[in-house]
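Have a look at the structure below, then the notes.
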Amino acid sequence: MYKVLKELKVDLGERSYPIIIGQGLLGSFDLTPWVSGSQVMIVTNETVAPIYLEKARACFPGKVVDVVTLPDGEQYKNWQTLNLIFDGLLENRHTRQTTIAALGGGVVGDMAGFAAACYQRGVPFIQLPTTLLSQVDSSVGGKTGINHPLGKNMVGAFHQPQAVLIDTDTLSTLPAREVSAGLAEVIKYGLIRDESFLDWLEQHIDALRDLDAAALGEAIYRSCLCKAEVVSLDEKEGGLRAILNLGHTFGHAIETYAGYGNWLHGEAVGTGMMMAADLSFREGAISQADKDRADRLIQRGGLPERAPEGMTEADFMNLMAVDKKNVDGRLRLVLLRALGDAWVTAGARPDNLRATLTAFIR
Ligand code: NAD
Ligand code: GLY
């Protein structure tokens, strides 16, 4: 039997939805109350399917369940792979009443969600995230999409799920490197909005890396709570939501430079957050002690501390020029005003930005 640990809500009026966090949910939790039609299309990948597909099927008793299994990897988060989902939906004659269920990490979730946003001009979908990163971040908030060779997540749509079902037991099969990548996004919430969460993380980061179930449950709950609050206040990123991108401007540049899949998204965000803390310090917003504290926690999360070999200041500047936050050609960055308090600014001094880039290239 399953155990629900916590349930919370993303409050978006008629598009509100629950985030259900628990153990043993895949295989026994009945998701049919969130499925209006008779058809379900599970979208997963070749790594996750052998472990969790049959359990996911069991969440939809009485429904006609079909499956699309995608190749695994960030390098497949593109148009060609997206089309495999539309092929599967059409070949199996899925109608506008179908529900898509994303079973996997953030790559599967972003692509399945984008397919749901587009198929027959939009069908409902459910998130069944199986990585730490997707459980604390990508499954919540309705950002869906794919990469373009010139920029990360450049093509997509806002499309909120009907429900997010987080089975923390799935983390038992996750490789250690992926756990660390997820921890980057967990640490992000402490840095942008909740200093007390940073205190908690400093005490529990080793337990989290050891997959301690109680610590994971708490970290996932506090992360989802933070994300749900921010998304409820600013669904389409008119302002506040951009703080969820701490470290992502540098990080997306790293991911694109390294070639999708070579650096994990969370790894790039980890280094990117160190860069954001470094620049915040150079701008005089946070103290050396605060910067060191952020660095130490990110390092203890097992995340890389320097940009990829060979990446230059010019590479960063060129790749950051296409960031979605930029306005009228001006680079906008999420920086820290204090630990637990982030803001978006176009006002970082160019010499400080150059100094940060110089400090992190090899
Ligand atoms: P991922 O989806 O590539 O999953 C990581 C790896 O773990 C993959 O090889 C996957 O097959 C495997 N895997 C998944 N679950 C597993 C399990 N339980 N056991 C063993 N292996 C498992 O990567 P990710 O870190 O989950 O997601 C990264 C993606 O999420 C990026 O594309 C990023 O842009 C996106 N993202 C989106 C948002 C958003 O708001 N939509 C937020 C953050 C990140
Ligand atoms: N991961 C950033 C966002 O959801 O806005």
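Note that the numbering runs from 1 along the sequence shown for the chain. Every value quoted in this text rests on a predicted model; they were computed, and no experiment measured them. Numbering of ligands and ligand atoms starts at 1, following listing order.
Electrostatic pairing of R296 and E202 does not count as a salt bridge here, judged by no charged N lying under 4.0 Å from a carboxylate O.
For R337, the CZ atom sits in a packed shell: over 12 heavy atoms of surrounding residues, nucleotides or ligands are nearer than 6.0 Å. The number of heavy atoms from other shown groups lying within 6.0 Å of OH (Y17) is above 12. In the displayed structure, R306 atom CZ is contacted under 6.0 Å by more than 12 heavy atoms of other residues, nucleotides or ligands.
One side chain, D315 or T312, offers a donor N or O that lies under 3.5 Å from an acceptor on the other.
Ring planes of F316 and F250: perpendicular class, angle over 60° (limits at 30 and 60°).
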Write 'none' if nothing qualifies; otherwise put on separate lines each N/O atom of ligand 2 with a protein N/O atom under 3.5 Å away and their distance to 0.1 Å.
{"unit_1": "ligand 2", "atom_1": "1 (N)", "unit_2": "D137", "atom_2": "OD1", "d": "3.3"}
{"unit_1": "ligand 2", "atom_1": "4 (O)", "unit_2": "K227", "atom_2": "NZ", "d": "2.6"}
{"unit_1": "ligand 2", "atom_1": "4 (O)", "unit_2": "R241", "atom_2": "NH2", "d": "2.8"}
{"unit_1": "ligand 2", "atom_1": "5 (O)", "unit_2": "K143", "atom_2": "NZ", "d": "2.8"}
{"unit_1": "ligand 2", "atom_1": "5 (O)", "unit_2": "R241", "atom_2": "NE", "d": "2.8"}
{"unit_1": "ligand 2", "atom_1": "5 (O)", "unit_2": "R241", "atom_2": "NH2", "d": "3.4"}

Where does ligand 1 get N/O contacts under 3.5 Å from the protein, atom by atom?
{"unit_1": "ligand 1", "atom_1": "2 (O)", "unit_2": "G106", "atom_2": "N", "d": "3.0"}
{"unit_1": "ligand 1", "atom_1": "2 (O)", "unit_2": "V107", "atom_2": "N", "d": "3.0"}
{"unit_1": "ligand 1", "atom_1": "9 (O)", "unit_2": "D72", "atom_2": "OD1", "d": "3.1"}
{"unit_1": "ligand 1", "atom_1": "9 (O)", "unit_2": "D72", "atom_2": "OD2", "d": "2.7"}
{"unit_1": "ligand 1", "atom_1": "11 (O)", "unit_2": "N45", "atom_2": "ND2", "d": "2.9"}
{"unit_1": "ligand 1", "atom_1": "11 (O)", "unit_2": "D72", "atom_2": "OD1", "d": "3.1"}
{"unit_1": "ligand 1", "atom_1": "11 (O)", "unit_2": "D72", "atom_2": "OD2", "d": "2.9"}
{"unit_1": "ligand 1", "atom_1": "15 (N)", "unit_2": "T130", "atom_2": "O", "d": "3.4"}
{"unit_1": "ligand 1", "atom_1": "15 (N)", "unit_2": "T130", "atom_2": "OG1", "d": "2.7"}
{"unit_1": "ligand 1", "atom_1": "18 (N)", "unit_2": "T130", "atom_2": "O", "d": "3.0"}
{"unit_1": "ligand 1", "atom_1": "18 (N)", "unit_2": "T170", "atom_2": "O", "d": "3.0"}
{"unit_1": "ligand 1", "atom_1": "18 (N)", "unit_2": "T173", "atom_2": "OG1", "d": "3.3"}
{"unit_1": "ligand 1", "atom_1": "19 (N)", "unit_2": "T173", "atom_2": "O", "d": "3.3"}
{"unit_1": "ligand 1", "atom_1": "19 (N)", "unit_2": "T173", "atom_2": "OG1", "d": "2.7"}
{"unit_1": "ligand 1", "atom_1": "26 (O)", "unit_2": "G106", "atom_2": "N", "d": "2.8"}
{"unit_1": "ligand 1", "atom_1": "26 (O)", "unit_2": "T131", "atom_2": "OG1", "d": "2.6"}
{"unit_1": "ligand 1", "atom_1": "27 (O)", "unit_2": "G106", "atom_2": "N", "d": "3.1"}
{"unit_1": "ligand 1", "atom_1": "32 (O)", "unit_2": "E74", "atom_2": "OE1", "d": "2.7"}
{"unit_1": "ligand 1", "atom_1": "32 (O)", "unit_2": "E74", "atom_2": "OE2", "d": "3.0"}
{"unit_1": "ligand 1", "atom_1": "32 (O)", "unit_2": "K77", "atom_2": "NZ", "d": "2.8"}
{"unit_1": "ligand 1", "atom_1": "32 (O)", "unit_2": "K152", "atom_2": "NZ", "d": "3.1"}
{"unit_1": "ligand 1", "atom_1": "34 (O)", "unit_2": "K77", "atom_2": "NZ", "d": "3.2"}
{"unit_1": "ligand 1", "atom_1": "34 (O)", "unit_2": "K152", "atom_2": "NZ", "d": "2.8"}
{"unit_1": "ligand 1", "atom_1": "34 (O)", "unit_2": "N153", "atom_2": "ND2", "d": "3.3"}
{"unit_1": "ligand 1", "atom_1": "40 (O)", "unit_2": "K227", "atom_2": "NZ", "d": "3.4"}
{"unit_1": "ligand 1", "atom_1": "41 (N)", "unit_2": "D110", "atom_2": "OD1", "d": "2.9"}
{"unit_1": "ligand 1", "atom_1": "41 (N)", "unit_2": "K143", "atom_2": "O", "d": "2.8"}

Full working for side chain to side chain donor-acceptor pair (under 3.5 Å) between T81 and N78: CA-CA 6 Å; T81 312; N78 57 28; 2.9 Å; yes
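For E237 against A242, the heavy-atom pair with the smallest separation is CG-N, 3.6 Å.
Here the CH2 atom belonging to W34 is positioned 10.5 Å from the SG atom belonging to C59, to the nearest 0.5 angstrom.
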